[in-house]
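Convention: sequence-line order gives letters A, B, ...; per-chain numbering from 1.
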There are 2 protein chains.
Amino acid sequence: MPRPTKRNPERGDARTRLLEAARDAIREKGFAATSVDELCLVAGVTKGSFFHHFKSKEALGVAAAQHWAETTAAFFAAAPYHAAEEPLERVLAYVAFRKSIITGELAEVTCLVGTMVQEVFATSPAIRDACGESIFGHAATLEADIGAAMQDRGISGDWTAESLARHTQTVIQGAFVLAKAGNDPALARESLDHLDRYIRLLFGCSNQEKRSR
Amino acid sequence: MPRPTKRNPERGDARTRLLEAARDAIREKGFAATSVDELCLVAGVTKGSFFHHFKSKEALGVAAAQHWAETTAAFFAAAPYHAAEEPLERVLAYVAFRKSIITGELAEVTCLVGTMVQEVFATSPAIRDACGESIFGHAATLEADIGAAMQDRGISGDWTAESLARHTQTVIQGAFVLAKAGNDPALARESLDHLDRYIRLLFGCSNQEKRSR
DNA sequence: AACCAACCATACCGTACAGTCGGTATGCAA
DNA sequence: TTGCATACCGACTGTACGGTATGGTTGGTT
């Protein structure tokens, strides 16, 4: 074990390491079952340091949700699905991308804020709101492409781009729940196929228009 | 407070009262944050009684999931959505029914096993499997109608009745997550509208075929 | 050199936790 | 009546929890 905590830290400062430890632990077993002591141990930090950076465990939860929002925003902004020419292509590429990253251990696949908000929505408004901002903020990044696709294809149903953007997140969050319940990530991918099919139907794509694989 | 626990109990035996207390508490704040002491207090029962009926807190979790599966199965079996003549009508009526019961407090609307499995899927296989049985068992009750509707309408896409049945549960579970994140049950109803639309599109319903309201 | 604030460490506190244990009360059957 | 199983009670245990108090260390500023 390398000297854990000193100035000029070898792998991020204490705060960041705590946030990363929290991210992993909470995804694995939830917020309530994650103890401060354990986070300190994993992050190689002492209690004093923890409560220097976060005034309470709840504050850590809020910070973890915000950190999640920031890191995932950067991750998706850099993802390749924005490359396509047509806006609808980009939307479908997003769904395909979400599907493609569902591999490996379930805990490493699922959404931190979706997991956390299920437990704390009634007991911690602060964490709940931070989780909400993460989810709806991400949904908002899809709105432009969906709206452009609607205009592009002359679609005007009794639904909005905002609503469909949120629905994609519904399917993704629900997909994680079923994957956990069945202990099989394939269950999540299956629902993303339905989401892909729904979007194509909404936009009047014929079936054979679907790309290979 | 009526004499809580005696033989010839006035409102169910201790075990049932504990299961109901667990159902409410876990939906409100999750499994880990729910203490045995609190459940005993709410159920009007002592610790000794609790551990007489459940050998551990985890065993209570399993029993709570099973109890949930039984009570919800009875609830949906008695629901009016089975009445319609055509199988597709019944499927759509199911979705409409699920939407119609999303009213009031969020904690009273959401799914016990969906909430629980998010926290414990990695730490308690027993609870996870019990939650899985509840969810997938419920999904299975939709398969017959979906299958009949497919045959009825001569549908054969690259999806199965089983898969679509599961997808309905994905949307419902995800809908609860977004409703919690946004602290607004309307968000859940919104996604059920998308699910309704998806099913209609799959089965080639025209839009005006949609019933009023 | 002196100082400061951010940062980190250690020891500790009160409490709430899951689980245990010895015991009592009740119903039933031989 | 005895014997036994089920149901229930409540005090107790050890521990792990979130949080605090206090003091030391470090890098930058003046």
Looking at C/dC8, C/dT20, D/dG18, which one has an atom nearest to any side-chain atom of A/Ser49?
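Nearest to the side-chain atoms of A/Ser49, counting from C-beta on, is C/dC8.
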Write down the distance between [atom1] ([X]) and [atom2] ([N]), rounded to a whole number of angstrom.
X: A/Phe51; N: D/dT22; atom1: CZ; atom2: P; answer: 17 Å
X: B/Asp13; N: D/dA7; atom1: CG; atom2: P; answer: 8 Å
X: B/Glu38; N: C/dG19; atom1: CD; atom2: P; answer: 15 Å
X: B/His52; N: C/dG23; atom1: NE2; atom2: P; answer: 19 Å

By ring pair (Phe, Tyr, Trp, His ring centres under 6.0 Å) - contacts of [X] (at least two apart):
X: A/His194; result: B/His167, B/Tyr198
X: A/His138; result: A/Phe76, A/Tyr94
X: B/Phe50; result: B/Phe54

Side-chain donor-acceptor pair under 3.5 Å between A/Ser124 and A/Lys57, yes or no?
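No.
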Footprint string (nucleotides 11-16 of chain D, 5' to 3'): B base within contact, S backbone only, - free, heavy atoms under 4.0 Å
B-----
Regarding B/Asp196 and B/Arg200, does a basic nitrogen lie under 4.0 Å from an acidic carboxylate oxygen?
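Answer for the salt bridge query: yes.
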Are B/Glu105 and B/Arg27 within salt-bridge range, i.e. N to O under 4.0 Å?
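So B/Glu105 does not pair with B/Arg27 through a salt bridge.
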Using heavy atoms and a sub-4.0 Å distance, could you list which residues of residues 53-61 of chain A are near DNA chain D? By number, please.
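Hits under 4.0 Å, by residue number: A/Ser56, A/Lys57.
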With sequence neighbours excluded, what pairs up with B/Ala69 under the side chain to side chain contact (heavy atoms under 4.5 Å, CB included) test?
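Residues passing side chain to side chain contact (heavy atoms under 4.5 Å, CB included) with B/Ala69: B/Ser134.
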